[in-house]
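All heavy atoms count here, side chains included; hydrogens, waters and symmetry mates do not. To find a chain, count down the sequence lines: A is the first, B the second, and so on, and within it residues start at 1.
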Amino acid sequence: MKRKICIVIVICLLAALTVSACGEAAGSNGQVNVYNWGEYIDKDIFRIFERETGIKINYFEFQSNEELYSLLKTGSTTVDVIIPSDYMIGRLIEEGMLEELDFSNIPNFSLIDPKYKNLEFDPQNKFSVAYMTGTVGLIYNSSMISDEITSWSSLFDERYSGQILMFDNPRDAFGIALKYLGYSQNTVNEDEIREAYDLLALQKPLLQAYVMDQIFFKLESGEAAIGPYYAGDYLFMYENNQDLVFVRPVEGSNFFVDSMCIPIGAANKENAEIFINFMSRTDIALKNMAEIMYASANFEAAEQFANELEPWEYEIMFASAEVLANCDVFIHLPGHILALYDQLWIELKR
Amino acid sequence: MKPKFFAVPYVVWMAIFVIAPVLIVVFYAFTTADGGFTLTHFTEMSRFLPVFTRSFRLAFISTIISIAIGYPVAYILSREGQRVQRLMIMLIMLPMWMNFLLRTYAWMSILENTGLLNRFLAFLGLPQLQIINTPTAVVIGMVYNFLPFMILPIYSVIVKIDKSLYEAASDLGANTLGVFRKLVIPMSLPGVLSGIMMVFVPAVSTFVISQLLGGGMVMMLGDLIEMQFLGSTYNPQLGSAVALVMMVIVILFMYVMNRFGEGEEKAVGL
């Protein structure tokens, strides 16, 4: 008898848990499921959005474009707004995984800087609204390296052996090697990619480590002296270590655009467009920018943000048109090239 | 009938979260991206041989070190008073309350060239150690993270050995070493075996530890599998094939281990 009561209680508890988990009440005007990069938004804006629109935001984070892709591919979740980067948007468009946007619901699209519209990954700009942008540069510790750094060649310089960090993903690592060799980061010429591989193989013995976010600790603490990373993140590192210097290599670099899109079959497409429009608003763009220090695609916000920063900081955050002209935006590469990247990456790390 | 009824939730759980995923992995491993049957994932497996040998070697080393540290700890612990035992068990479990990633990051800041360990050595005027970004650091990270899973099963077996058996052994003329060799070791073997299982299996497939402490310089099996699912080519079929081969090797290994264990138990007549 006692046992039965126990079971009943357990079942009741479980049921209560399930109900409370599923029953997160939607707002009066429904809800919108947003998937964004980790630490890539000012979460205070959710309250503003929910108050203004009566739409409830369910917010989720992903750590890489590929993680987002496999999430969409398995189709296990309902997603209304995603914020992938350039080349992944190209891939999603190619594979028919994005909805065309109804720009009449997104009047704030007019606030997006034209230089972030109609880019190669979405030539007619039918599927995406740019959110944040940035460039990759070289970051080095001026107390450890006295030479003036101007080129990617420093990442392959024997004098800094054991002090060098490198991107721990094939696309970015190859991108740097290709750019240093004077090739496009989007090359489909296999000889050029193999040449880049040879360079990376020569570089490996000089490296301290392949890193992603660990670079924050390693550069700030002086564990390593030089490594490539994103301009916006440099400004956070600088706050913790003023010896760190940001350089745009003369060979040019990578310029990325993270844009808001709606995956095919989104259950709340209209709410998703309302959210995209909201995110493109100047005051919201300013809040997000202050939180993450990447360059907003909203030109009004970009202009106004100049008041918040020193001119040199502003120059790092917002690359000029001349700098961007020297940078490549990743596009989606054909399958056999991606397979080659993977194969060479595995060989590099064998 | 009653006991079976209570097993239903467990069986359902196992079916959904253990059996179904394994079946999906098996299915993927033998299919192409279009869903056709293929064996190419396996015929091409040899190019990953260095990755396999490295992962198994490091997992093996970590397991041996875990036994070398964990067994004495478990044995000494079991001889202590109740209160000490409770306290020590809590201390052993304590780090597990903290996030795995944070613990690994902590090791990164201990082992780095400018880290705590090297600063301490410099303070004492001793030579610096280059540990971070080497396989040694990966082994340290694995031993640290998985050691409780070695200690606890061994401890829980040793502590259950009937005290009168010790007395009987001594009465029959066994000295301390004899008691340990003829009684404690054979009787604690099941604990050691499950400890090995709980350390070796996660160690073979680890990937975060190798990225953070190994500096991403070499690829481990976990990295390779992760890359197939979350890398730019998105090849879950190949990833599943690698995972399947890994599982089969681990299962074979465990099978041999358990046979060996059974033999030992029979030999002491238990």
Parallel, tilted or perpendicular: which fits the ring planes of B:F56 and B:F200, with parallel below 30° and perpendicular above 60°? tilted
Salt-bridge contact A:K218-A:D213 (side-chain N to carboxylate O under 4.0 Å): no
Turns out that what part of B:R54 lies under 4.5 Å from chain A's heavy atoms comes down to side chain
Can a donor-acceptor pair be found between the side chains of A:Y87 and A:E120 at a distance below 3.5 Å? no
Interface check, chain B: of A:M166, A:M88, A:R171, A:R91, most non-hydrogen pairs under 4.5 Å belong to A:R91
Contact origin within B:L224 toward chain A - heavy atom pairs under 4.5 Å: side chain
Which class fits the ring pair A:Y341 and A:F174: parallel under 30°, tilted 30 to 60°, perpendicular over 60°? perpendicular
Should the ring pair A:W37 and A:F62 be called parallel, tilted or perpendicular, given that the plane angle runs from 0 to 90° and is split at 30 and 60? tilted
With respect to chain B, which residue among A:Q63, A:E67, A:Q214 yields the maximal number of heavy-atom pairs within a distance under 4.5 Å? A:Q214
Are B:F30 and B:F42 close enough that their ring centers fall under 6.0 Å? yes
Measuring heavy-atom distances to chain B, does A:R350 have an atom under 4.5 Å in its side chain, in its backbone, in both, or in neither? both
Is it the backbone or the side chain of A:Q208 that comes under 4.5 Å from a heavy atom of chain B, or both, or neither? both
Partner of A:Y230 under ring-ring contact (aromatic ring centres under 6.0 Å, His included), chosen from A:F236, A:F167, A:Y40: A:F167
What part of B:Q130 is in contact with chain A, defined as an atom under 4.5 angstrom from a non-hydrogen atom: side chain, backbone, both or neither? neither
For the candidates A:Y210, A:Y69, A:F217, which exhibits the highest count of non-hydrogen atom pairs separated by less than 4.5 Å from chain B? A:Y210
Most chain A-contacting option - heavy-atom pairs closer than 4.5 Å, from B:M219, B:M108, B:M217: B:M217
Chain B contact via A:D342 - side chain, backbone, both or neither, heavy atoms under 4.5 Å: both
